[in-house]
Engineer: 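One structure coming up, written as structure tokens, with questions to follow.
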Amino acid sequence: MHLGNLKPADGAKTKRFRKGRGTGSGNGKTSGRGHKGQKSRSGSGGKIGFEGGQMPLYRRLPKRGFHNRNTKEIIAINVAMLNTFDDGAEVTIDALKGKGLVSNPRDGVKILGQGELTKKLTVRVNHYSKTAAEKIESAGGKAEVI
């Protein structure tokens, strides 16, 4: 098999149908729009959510709650997960992504204090809980805020 010989399966590619190309095409004259009426005119799409003058669904339903636009999504990781790093390693957000502990850091990473840390690490992330910082330093490492 060569790349030059590849082609799509039969029937996978169909030519775009062009409406309004004469009566012989079977879709000329009114081009499938019928006769007269609002939907036969050009530019007739209507407003999104418009229900013919009836109160639209998005206004009929009650609104509940509050959504803060300025909230930050911070990813939490426990201290025990840092044991996957080698002793004396430097733990950054990129290193956490490399190990698969964080996929998308969003607005920052916070280390929480659940579990035990057995290795001496230099950790550089956005936030720490008080117990997490204590555990990192008691293991001989450093907890630095970036």
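The structure displayed is predicted, hence computed values, not measured ones.
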Engineer: Determine the minimum heavy-atom distance between I111 and A132, stating which atoms define it.
Structural biologist: O-CB, 3.3 Å
Engineer: List the steps and the verdict of side chain to side chain contact (heavy atoms under 4.5 Å, CB included) for K99 and M81.
Structural biologist: CA-CA 10 Å; K99 288 275 187 179; M81 296 172 93; over 6 Å; no
Engineer: With side chain to side chain contact (heavy atoms under 4.5 Å, CB included) as the criterion, how do L96 and V125 come out once you've worked through the C-alpha distance, each side chain's angles and the decisive distance to 0.1 Å?
Structural biologist: CA-CA 10 Å; L96 291 168; V125 293; 4.1 Å; yes
Engineer: Quick check: is I146 connected to L112 through a chain of hydrophobic side chains (ILVMFWY, heavy atoms under 4.5 Å apart)?
Structural biologist: no
Engineer: Starting from V123, can I reach V145 by hopping between I/L/V/M/F/W/Y residues whose side chains sit under 4.5 Å apart?
Structural biologist: yes
Engineer: Let me confirm one number: the CG-CG distance from L101 to N78, rounded to the nearest 0.5 Å.
Structural biologist: 11.0 Å
Engineer: Quick test of your reading: applying side-chain hydrogen bond (donor to acceptor under 3.5 Å, both in side chains), list the pairs with at least one residue in residues 1-11, sequence neighbours left out, ordered by first then second residue.
Structural biologist: none
Engineer: What are the two closest non-hydrogen atoms of I75 and R106, and how far apart are they?
Structural biologist: CD1-NH1, 3.6 Å
Engineer: How close do Y128 and A133 get, heavy atom to heavy atom, and via which atoms?
Structural biologist: CB-CB, 4.3 Å
Engineer: Kindly give the heavy-atom pair with the smallest separation between A139 and L117, and that separation in Å.
Structural biologist: CB-O, 3.9 Å
Engineer: Can you sort out the partners of R21 under salt bridge (charged side-chain N to carboxylate O under 4.0 Å, His left out), two or more places apart, ordered by chain and number?
Structural biologist: none
Engineer: With hydrophobic residues grouped by side-chain heavy-atom distances under 4.5 Å, do V79 and I93 end up in a single group?
Structural biologist: yes
Engineer: Indicate yes or no for a side-chain donor-acceptor contact from D87 to the backbone of T118 under 3.5 Å, with no hydrogens or angles considered.
Structural biologist: no
Engineer: How long is the straight-line distance from CG of L121 back to CD of E90, given to the nearest 0.5 Å?
Structural biologist: 10.5 Å
Engineer: State whether the number of non-hydrogen atoms from other residues, nucleotides or ligands found under 6.0 Å of R59 atom CZ is greater than 12.
Structural biologist: no
Engineer: What pairs of residues pass the side-chain hydrogen bond (donor to acceptor under 3.5 Å, both in side chains) test when at least one of them lies in residues 129-146, not counting sequence neighbours?
Structural biologist: R124-E144, S129-T131
Engineer: Could you tell me which non-hydrogen atom of T71 sits nearest to which non-hydrogen atom of N68, and how far apart they are?
Structural biologist: CG2-O, 3.4 Å
Engineer: What pairs meet the side-chain hydrogen bond (donor to acceptor under 3.5 Å, both in side chains) rule with one or both residues in residues 23-49, with sequence neighbours excluded?
Structural biologist: none
Engineer: Do side-chain atoms of D107 reach the backbone of E73 as a donor and acceptor pair under 3.5 angstrom?
Structural biologist: yes
Engineer: For N126 and I74: C-alpha separation, side-chain torsions, deciding distance, then whether side chain to side chain contact (heavy atoms under 4.5 Å, CB included) applies.
Structural biologist: CA-CA 9 Å; N126 307 90; I74 293 170; over 6 Å; no
Engineer: Once you round to the nearest 0.5 Å, how far does NZ of K72 lie from NE2 of H127?
Structural biologist: 7.0 Å
Engineer: Can you see which heavy atom on F85 is nearest to which on A89, and at what distance?
Structural biologist: CB-CB, 4.3 Å
Engineer: Rest of the hydrophobic cluster containing L3 (Ile/Leu/Val/Met/Phe/Trp/Tyr, side-chain heavy atoms under 4.5 Å)?
Structural biologist: M1, L6
Engineer: Other than Y58, what residues sit in its cluster of Ile, Leu, Val, Met, Phe, Trp and Tyr side chains whose heavy atoms are under 4.5 Å apart, directly or through others?
Structural biologist: none
